[in-house]
Amino acid sequence: MVKNCELFKFVLIKLIDILDIMDVVRRNYLLPGEKRDIFIEWMKDMLNHSFVLNLPSTFGETFTFVETLIDEHRRNGVSSRLSKAVPGMGRVHTPLPLRRAYEEYDKKYCITQRKFIRPSFNEIRHIVNLAQVMEIGKNLKLISFDGDQTLYSDGGNFEPDSSLSNALKELLKAGVYVAVVTAAGYGLVGSKYEVRIGTLLKYLQDEGLTKTELERFYVMGGECNYLLNCSVLEETTEAGELVQRARLVPVLPEVWQAPVLVGPKPAFWDKDEVNRVLDVAEKIMKGCIEDLHLRVQFVRKERAIGMFPGGPKMVAQVPVGHGSNKVKREALDEIVFMLKEGLQQAQPPVELPYCVFNGGRDVWLDIGNKSVGVAAMQAYLNISPDSCLYVGDQFLNTGNDIAARAVSPCIWISNPSETGKILQHVLKQYGLGDKVTGEPATAVPSSASASSSAPTGVFNAFTGQMS
Ligand code: IMP
Ligand code: MG
């Protein structure tokens with residue numbers, strides 16, 4: 001009897017193995033690092049010891065210790081103690097004066113005085129940001145920004161009347177290059193990007209920036225695929241008046257990806273391979289849309305595919321399902337991981353850089369990513385990573401800003417108002433503390449035209465089309 005039972009168990013296990021190999025039994029994965037930043041979580045745990053022992057005075061020592069570990073990590077990479085404590089710890093481009101940043105932060109927010117609430121994830125994120133800004137200080141030569149949720153709210157347009165626009169103006173005047181490196185890809189059509197940031201260009205011009213200062217402003221669209229530069233053009237208004245306007249004009253790929261430059265050359269990637277990757281992703285994305293009963297729209301561009309809420313008309317097409325107005329976060333993340341898995345398993349293997357991300361309301365596969373975009377800007381402007389800052393909101397593994405970390409020191413903010421605040425620190429550290437003015441930025445969610453030169457009608461920020 002016992003023998004039969006053992007035999008049955010053995011056969012059952014074998015059967016499951018065989019079915020599994022045949023992919024009949026599907027296993028689900030619990031991803032350990034999903035939606036977490038392991039470095040910050042680890043620091044939070046380290047600080048926890050001081051907190052529970054009621055020894056907040058030792059917070060500072062902990063930050064000094066992390067500083068030492070970072071120095072060692074910068075020297076030894078994967079064999080560093082930090083790599084062991086934080087698996088997958090990436091490149092750190094500069095030393096980080098975390099102790100000094102913590103002390104400044106504590107002076108204002110008095111975390112050491114708290115009895116019940118330990119230092120939070122967000123507080124540590126702010127301290128790391130501050131340390132990064134302190135370290136770059138006067139060396140800053142290029143500051144690049146993500147667009148959605150960093151300079152303006154998701155799907156919104158830039159709001160110029162803020163500390164944020166003032167800070168951008170001061171940095172441009174001081175000789176710093178400013179770039180928006182956004183996933184939003186509207187080809188080389190400057191007027192489409194002007195819908196989102198036209199008000200900023202107008203503000204900068206109205207504030208009297210010179211032609212040279214304005215020309216330090218760039219937009220990199222489609223992650224790394226389309227570079228545009230601010231230029232002052234002479235235009236005739238409807239009333240027949242001749243005016244000068246700050247506009248976005250394309251920079252030819254042959255110029256910013258010239259053979260003499262050491263940066264990446266996305267414009268010259270094999271077109272058939274680009275299309276193959278898009279085909280693979282399209283199939284997966286469409287399968288997910290069907291399986292998850294999503295009421296979404298799908299778009300395929302030259303170098304991207306995406307899906308976003310489909311609007312009321314999709315309700316009749318998918319009577320039982322969701323997503324006409326908003327797609328659940330869980331569904332968006334599921335599609336991201338399905339795409340990642342499918343692309344990793346594609347044969348022949350995909351060697352082109354790409355980016356799959358949950359944009360908050362949508363999911364995208366873009367050819368190229370922000371590490372390519374920022375590295376190309378660094379090569380074009382001849383600026384090394386230790387003189388750069390990249391500011392973005394999506395540094396988890398389902399986001400698209402995380403790629404920039406490979407090539408640039410980064411600042412992790414959660415909304416445009418935080419961008420305004422951190423820029424005040426950037427100005428102070430740069431030696432322009434007296435220029436800090438204005439309230440933290442607010443963002444206006446709007447899909448309407450933002451600049452007089454932009455196309456008329458309602459602009460669809462997902463597709464780049466007017467409707
Ligand atoms: P970012 O935060 O500035 O990088 O912009 C990301 C957002 O741009 C996405 O969440 C989309 O809403 C929008 N977007 C518009 N066109 C594209 C595209 O071609 N690829 C990826 N995102 C796009
Ligand atoms: Mg963003």
Side-chain angles (χ1 to χ4, degrees), residues 144-158 164 178-189 192-197 200 218-226 228 266 274 277-278 281-282 285 296-311 323 326-327 329 332-333 335-336 339 353-374 377 390-396 398-405 408 410-419 441 443 445-447 459-467:
S144 45
F145 297 87
D146 164 60
D148 285 61
Q149 202 55 15
T150 297
L151 288 182
Y152 33 78
S153 61
D154 265 341
N157 300 326
F158 191 87
L164 207 159
V178 174
V180 181
V181 179
T182 173
Y186 313 132
L188 285 171
V189 187
K192 293 191 175 179
Y193 299 93
E194 286 167 9
V195 173
R196 319 290 302 276
I197 53 160
L200 171 63
Y218 287 86
V219 173
M220 176 72 84
E223 314 269 1
C224 59
N225 290 304
Y226 313 105
L228 299 102
V274 166
V277 176
L278 291 175
E282 176 170 345
M285 199 180 265
V296 293
Q297 282 184 52
F298 170 88
V299 63
R300 177 160 175 164
K301 303 182 183 178
E302 186 198 21
R303 289 210 158 192
I305 63 164
M307 47 140 280
F308 51 90
K326 181 177 184 299
V327 184
R329 199 265 299 163
L332 295 172
D333 284 346
I335 300 171
V336 167
L339 282 164
Y354 62 85
C355 173
V356 178
F357 73 99
N358 166 355
R361 300 170 308 154
D362 42 27
V363 176
W364 294 86
L365 166 283
D366 289 324
I367 301 293
N369 57 40
K370 293 195 180 184
S371 83
V372 177
V374 174
M377 291 291 309
Y390 173 85
V391 186
D393 67 302
Q394 292 210 319
F395 285 97
L396 297 176
T398 50
N400 66 336
D401 294 314
I402 192 166
R405 274 210 188 129
S408 175
C410 287
I411 302 293
W412 182 357
I413 53 76
S414 63
N415 55 47
S417 157
E418 276 193 22
T419 309
S446 148
S447 54
F459 182 74
N460 182 324
F462 300 113
T463 61
Q465 304 297 323
M466 303 303 299
S467 58

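Counting starts at 1 for both ligands and their atoms, in listed order.
Side chains of M466 and N460 form no contact here, defined as non-hydrogen atoms less than 4.5 Å apart. You'll find the side chain of T182 stays beyond 4.5 Å of the side chain of F145, heavy atoms only. Taking the side chain as every heavy atom from C-beta outward, T419 and Y152 never approach each other to under 4.5 Å.
Residue contacts with ligand 1 for K301 involve side-chain atoms from C-beta outward but no N, CA, C or O (heavy atoms, distance under 4.0 Å). Under 4.0 Å from ligand 1, the heavy atoms of D366 that appear belong solely to its side chain. When heavy-atom distances to ligand 1 are checked against a 4.0 Å cut-off, T182 comes that close through both its backbone and its side chain.
Close contacts between ligand 1 and D362 involve ligand atoms 9 (C), 10 (O), 11 (C), 12 (O) [criterion: under 4.0 Å to a heavy atom]. For ligand 1, the atoms closer than 4.0 angstrom to any heavy atom of G147 are 3 (O). Which parts of ligand 1 touch D146 is read off a 4.0 Å heavy-atom cut-off, strictly below it: atoms 1 (P), 2 (O), 3 (O), 4 (O).
Side-chain atoms of Q394 come within 3.5 Å of backbone atoms of N358 as a donor-acceptor pair (strictly under, hydrogens ignored). Here the side chain of K326 pairs no donor or acceptor atom with the backbone of R361 at under 3.5 angstrom. The main-chain N or O of G464 is found under 3.5 Å from a side-chain atom of K192 such that the two form a donor-acceptor pair.
An N or O contact shorter than 3.5 Å links D148 to ligand 1 by distance. Between V181 and ligand 1, not a single N/O pair is under 3.5 Å apart. Taking distance alone, with nitrogen or oxygen atoms compared against 3.5 Å, D393 stays at or beyond that limit from ligand 1. For a threshold of 3.5 Å applied to N or O pairs, the pair formed by K370 and ligand 1 contains at least one separation below that value. Geometrically, ligand 1 and N400 share a nitrogen or oxygen pair separated by less than 3.5 Å. At a 3.5 angstrom cut-off on N or O pairs, A304 does not count as close to ligand 1.
Partner of E223 under the side-chain contact (heavy atoms from CB on, under 4.5 Å) criterion, chosen from V372, N400, V374: N400. Of the options D393, L164, N415, a side-chain contact (heavy atoms from CB on, under 4.5 Å) to T150 is made by D393 and by none of the others.
Inspection of the Y354 and D366 side chains reveals no N or O donor paired with an N or O acceptor under 3.5 Å. Side-chain atoms of Y186 and Q465 form no donor-acceptor pair, as typed in the model, at a separation below 3.5 Å.
Taking a 4.0 Å cut-off on heavy atoms, A461 registers as neighbouring ligand 1. Using a 4.0 Å heavy-atom cutoff, R303 is absent from the residues neighbouring ligand 1. Contact analysis leaves F308 out of contact with ligand 1, as no non-hydrogen atom separation drops below 4.0 angstrom. Judged by the shortest distance from any of its heavy atoms, Q149 lies outside the 4.0 Å radius around the atoms of ligand 1.
Taking all atoms of both residues into account, the shortest heavy-atom contact from M307 to V327 is CE-CG2, 4.4 Å. Of all heavy-atom pairs between A404 and Y390, the closest is CB-CD2, 3.6 Å. The minimum heavy-atom distance between K301 and F462, with the atom names listed, is NZ-O, 2.8 Å.
In D146, the N, O or S atom that comes nearest to the Mg ion (ligand 2) is OD2. For D148, the N/O/S atom at the shortest distance from the Mg ion (ligand 2) is named O. When distances from the Mg ion (ligand 2) to the N, O or S atoms of D393 are compared, OD1 comes out shortest.
Ranked by closest heavy atom to atom 18 (C) of ligand 1, the top entry among G464, G373, A183 is A183.
Looking from atom 14 (N) of ligand 1 to the surrounding protein, the closest heavy atom is A184 CA, 3.6 Å.
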